[in-house]
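Questions regarding the structure given below will be posed in turn.
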Amino acid sequence: RQVAIKVPQSERFQSPADAEAYLAEARTVASLDHPHIVPVYDVGRTEDRSIYVVSKFIEGTDLKERIEHNRPGFEEAAQMIAVVAQALQHAHQKRLIHRDIKPANILIEEATNTPYVADFGLAIKEEDFLHSMSLAGTPAYMSPEQARGEGHRLDGRSDIFSLGIVLYELLTGKRPFRGSSAQELMGQISTTEPRSPRELAESVPVELERICLKALAKRASDRYATAADLAEDLL
């Protein structure tokens, strides 16, 4: 069968323990079984100790390309985000947080227009992250907790915030936070309220705007409690 093989750069691992942790993480991701999460078939090491992760090959594009060249309509956007939220709920129930939800990590299968969540490479078990202060993820799609380096505060609601940014981009064609540097960007994410989507595009349905802004609440307790709750509101 046709597969995708990912070989993380060795610089990513500062110690043998880091590499072992990554392997353990990849094995956990391989245990995820959801129709909208890219399945991992195999993980291991080569003779030269490089790590490899073998996953299903999704023939098509990613949501980043779709937003740039053929942005979906509101109804399709809502359906797509709902499907991704359901996939994240499955991971969250296994105490896995993705930590890098962004359009480039949402693959769209060309033949079926089916979205898949990809690259759980930054995902981490909640309990393993409690004492970590490391920054991980893509700055433009980070949650306030990630931007502040508050690893001990991270749970599934961090992914919900990131998914809210993706929804905002689908609705308006623009990201809610845009800085000239990563530091400025993370400052905005932590402190600045986004402009309401309907200010940028009057045609955005009021209910979709409400859902989007709830997902983007600065305080995790003001967001959707679970990804399933977000999916339910979107459907």
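Numbers for residues simply follow the sequence, beginning at 1.
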Say whether E169 and Y141, considering side chains only, have a donor N or O and an acceptor N or O under 3.5 Å apart.
yes
Kindly give the heavy-atom pair with the smallest separation between P176 and L216, and that separation in Å.
CG-CD1, 4.4 Å
Please check: side-chain N/O of Q146 versus main-chain N/O of R99, any donor-acceptor pairing under 3.5 Å?
yes
Should Y41 and V7 be counted in the same cluster of Ile, Leu, Val, Met, Phe, Trp and Tyr side chains packed under 4.5 Å apart?
yes
Is the number of heavy atoms from other residues, nucleotides or ligands under 6.0 Å of E59 CD greater than 12?
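No, not enclosed.
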Do the non-hydrogen side-chain atoms of V54 and K6 ever get within less than 4.5 Å of each other?
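No, their side chains stay 4.5 Å or more apart.
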Should we count CD of E76 as having more than 12 external heavy atoms under 6.0 Å?
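Yes, enclosed.
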Measure the spacing between OG1 of T192 and CZ of R178 and express it to the nearest 0.5 Å.
12.5 Å
Given 3.5 Å as the limit, does a donor-acceptor pair link the side chain of Q2 with the main chain of F57, or not?
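Such a contact is absent between Q2 side chain and F57 backbone.
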Which atom of F74 lies closest to which atom of S203, heavy atoms considered:
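Smallest interatomic distance, heavy atoms only, reads CE1-O, 3.2 Å.
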When you measure from the side chain of R71 to the backbone of L171, do you find a donor-acceptor pair of N or O atoms at a distance under 3.5 Å?
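Answer holds: yes.
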Test item: Y116 side-chain N/O and P39 main-chain N/O as donor-acceptor pair under 3.5 Å
no
Looking only at atom types and distance, does a side-chain atom of Q89 sit under 3.5 Å from a main-chain N or O of A228, one as donor and one as acceptor?
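Yes, because the side chain of Q89 sits within donor-acceptor range (under 3.5 Å) of the backbone of A228.
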If you round to the nearest 0.5 Å, how far is OG of S158 from CZ of R223?
6.5 Å
Counting distance only, does the side-chain N/O of D100 pair as donor-acceptor with the main-chain N or O of N105 below 3.5 Å?
no
If we ignore hydrogens and angles and just use 3.5 Å, is the side chain of H36 paired with the main-chain N or O of P115 as donor and acceptor?
yes
Ignoring hydrogens, what is the shortest heavy-atom contact between A215 and G164? Give both atom names and the distance.
CB-CA, 3.9 Å
Can you tell me if K218 has over 12 outside heavy atoms packed within less than 6.0 Å of its NZ?
yes
Taking the side chain as C-beta and beyond, is there a heavy-atom pair between P144 and R148 under 4.5 Å?
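Sidechains of R148 and P144: in contact.
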Could you check whether any side-chain heavy atom of L154 comes within less than 4.5 Å of a side-chain heavy atom of S143, counting everything from C-beta outward?
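With C-beta onward as the side chain, the pair touches.
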What's the spacing between L234 CG and E232 CD if we round to 0.5 Å?
10.5 Å
Closest approach of R157 to A225 (non-hydrogen atoms, all atoms of both residues)
CG-O, 3.8 Å
For the CD atom of Q188 and the CD atom of Q183, what is their distance to the nearest 0.5 Å?
12.5 Å
Side chains of L170 and L63: does their closest heavy-atom pair fall under 4.5 Å?
yes
Are I211 and L230 packed together at the side-chain level, in the sense that at least one heavy-atom pair is separated by less than 4.5 angstrom?
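Sidechains of L230 and I211: in contact.
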Without hydrogens or angle criteria, can the side chains of S162 and D159 be said to hold a donor-acceptor pair below 3.5 Å?
no
Please evaluate residues V84 and L88 with respect to the criterion side-chain contact (heavy atoms from CB on, under 4.5 Å), reporting the C-alpha separation (whole Å), side-chain torsions for both, the decisive distance (0.1 Å), and the verdict.
CA-CA 6 Å; V84 172; L88 286 175; 4.3 Å; yes
For a 4.5 angstrom cut-off between non-hydrogen side-chain atoms, does V117 reach I101?
yes
What closest approach, in Å, do D222 and A217 show between heavy atoms, and which atom pair accounts for it?
CB-CB, 3.6 Å
Reported CG-to-CD1 distance for the pair L235 and I81, which is rounded to 0.5 angstrom
11.5 Å
Step by step, would you call N113 with R66 a side-chain contact (heavy atoms from CB on, under 4.5 Å)?
CA-CA 11 Å; N113 205 37; R66 284 287 302 274; 3.0 Å; yes
Counting distance only, does the side-chain N/O of D42 pair as donor-acceptor with the main-chain N or O of V53 below 3.5 Å?
no
Heavy-atom check, side chain of T226 versus side chain of H92, under 4.5 Å
no
Can you tell me how far CD1 of I67 sits from CZ of R175, rounded to the nearest 0.5 angstrom?
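Here the rounded value is 9.5 Å.
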Heavy atoms of V40 and A26 approach each other most closely as CG1-O, 4.3 Å
Would you please test I108 and M80 for side-chain contact (heavy atoms from CB on, under 4.5 Å) and show each step?
CA-CA 10 Å; I108 313 291; M80 202 173 281; 3.8 Å; yes
Is it true that L96 and M142 fall in one hydrophobic cluster, defined by side-chain heavy atoms closer than 4.5 Å?
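Hydrophobic grouping puts L96 with M142.
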